[in-house]
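Notes for the one structure printed next.
In listed order, ligands and their atoms are each counted from 1. Just so you know, these numbers use all the heavy atoms, side chains as well, and skip hydrogens, waters and symmetry mates. Note that the numbering runs from 1 along the sequence shown for the chain.
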Amino acid sequence: MDPGPSTGHTPGDTMTSRSRPRSGLPTDLGFTPQPMVEWLSPRELLNAWLRVALSSVFGAYADKRELQGMQPLGDALDYSHHEEFWIDYVADVADGFDATMTVATVLARPEWSLEGPDGISHPTRRGDVLIMGGDQVYPSADFRNYRNRLIGPYRSAMPAPSGPSPHLFAIPGNHDWYDGLTAFLRVFCQNEQIGGWQTRQRRSYFALQLPQRWWLWGIDIQFESYLDPSQLYYFRDVIGPQLEAGDSVILCSAKPSWIDSNTGEPDAYENIDLLARDIVAPRGAVIRLVIAGDKHHYARYSAVDGDAQRITSGGGGAYLAGTHQLPRSLEIPPKESTDIDRSPPATYKLAKAYPSQATSRRLRAGVLRLPWQNGSFWGLVGFFYLVIGWSVILGLRLTDEGFADMLRTMSWSQLLGGLLAPVGFVMAIGLITGLAFFTQTSNVVIRWVLGTGHALAHLVLVLVTIFFAARVMGDLDDNLLLIGVTLVLGSIGGLLGSWLVAVYLLIADLFRCNTNELFAAQHIEGYNNFVRFHISPDGSLTLHPVKIQKVVRWQFSPEGGAQDPWFAPVGSPPQPKLIEEPIRIEPLDR
Ligand SMILES: [Fe+2]
């Protein structure tokens, strides 16, 4: 077994632990605390579009996983000599500072007694290893973002451990992949300290041999694609042969493909099925549990026959994602899969969701605060209203009267004629096409019906805004009228248009479209979660799904020892509890 790399630090590297900072200034802290990402800002919308475009090139032509083949292959990290073992699993961790710090502080504390729904407290210990399950950075991967959004908060939460450093392993999510994995490999694969945690892996995938015949494998699926040849070789020819009959495997993947495969992507489960069917099962071992982040909530599906679990836990700090659209039951792999070698399907039932599906439904209406919560989105919609509005005005059939008089006297049919004139018409077609592609669904009919309806509603709203603005300000002189209509289009038009987007998101959600955007627009910080595992000396595995409902605000604290967090809560400290009673998975018969 590989004892892992040596634990040397790189002198002067920004990730290593340092003495306590004297102030909360970035120059003392070594990082700049960040607000949550505003996903609907013009900049992020443009970046998201560019990222998706570029990632298809990265994925196809520059797969960094193949370059990792130059790294020593390594063996499983061996923890099997422990009698019992604790593992913390957290994913989607590095958005705004307050939420990231809240979760990191709970992860850092050596012990927590966690109260379950039945009121009984369960003693737990900090993980001997911490697994980060994907999206360790937002919005895009570069070292500065990792430092400000991940390394800084985690180092602030645990500058130094009491006792040996817990080890830290990570698999990349899509956000880690947006620079082709360059920064991820620097942060996680160079044997560094991140505060009190010690990184140990050499590649973007890993295997840990745990006590009592348990294993934990972390796989790298890149952008939901295949497992590359080096990775397959690692699991099939290096790690796989070490499995023995009766061994149990916990598998970490970057996406909950058991859900995706039942909601429009029938082949999504292929990678996990291949590992289970071709590598694990032939040795008499079993994948008992698969866990992923990516969706920012907690959802546990339990096999109807047997005790297999499929868990999503992406509540490490990123904006909350709704649970109300989660299917009540899954068929894994689904019969629609085109994988002709697929395993026989198994049925899973949704055993627990956090927040509950009722709470998730209730939270939807918060999207009506969209213009206030996303001021720059209001501005963006206003800009589009202005451009489309002036395309309509320029298309009005002019008499000798000029624009201003036309605006004062125009009828609805004349206004519609302005929209159908060449420039306005091209704008309208562009808007319909753009909003059809904004409609997130694999159903082409729903995409175009919802997209067209959404676009037509905006076009009507632009015409209504022009009509009434011109009527209300009709007494102004010509230039002031034109300026007034322009300002109203950009401001009131932008406000009404933002609300219209919010209403569209509520309607689209009824068709299972754009639910992600419905929640991303709200960037709800609370309802964080992670999972704490315990392997007992008797060989059983117990899951403790942990929730932290309220995010804490933090202020820099100059006082404290080397091991104390650098920030103190403003008001009450984080209050973690169990989402559900601990789930016990018995060892296999051997
Ligand atoms: Fe995420």
On the six-membered ring of W112, is R109 placed so that its NZ or CZ lies under 6.0 angstrom from the centre and within 45° of the ring axis? yes
Name, closest N/O/S atom of D92 to the Fe ion (ligand 1): OD1
Here the N/O/S atom of D135 closest to the Fe ion (ligand 1) would be OD2
Is the ring centre of F567 less than 6.0 Å from the ring centre of F97? yes
Would you say Y138 reaches the Fe ion (ligand 1) with an N/O/S atom under 2.8 Å? yes
Classify the ring geometry of F533 against Y89: parallel below 30°, tilted from 30° to 60°, perpendicular beyond 60°. perpendicular
Indicate the ring-plane relationship of F235 and Y205, choosing parallel, tilted or perpendicular according to the 30° and 60° boundaries. tilted
Checking only N/O/S atoms, does H296 have one that is under 2.8 Å from the Fe ion (ligand 1)? yes
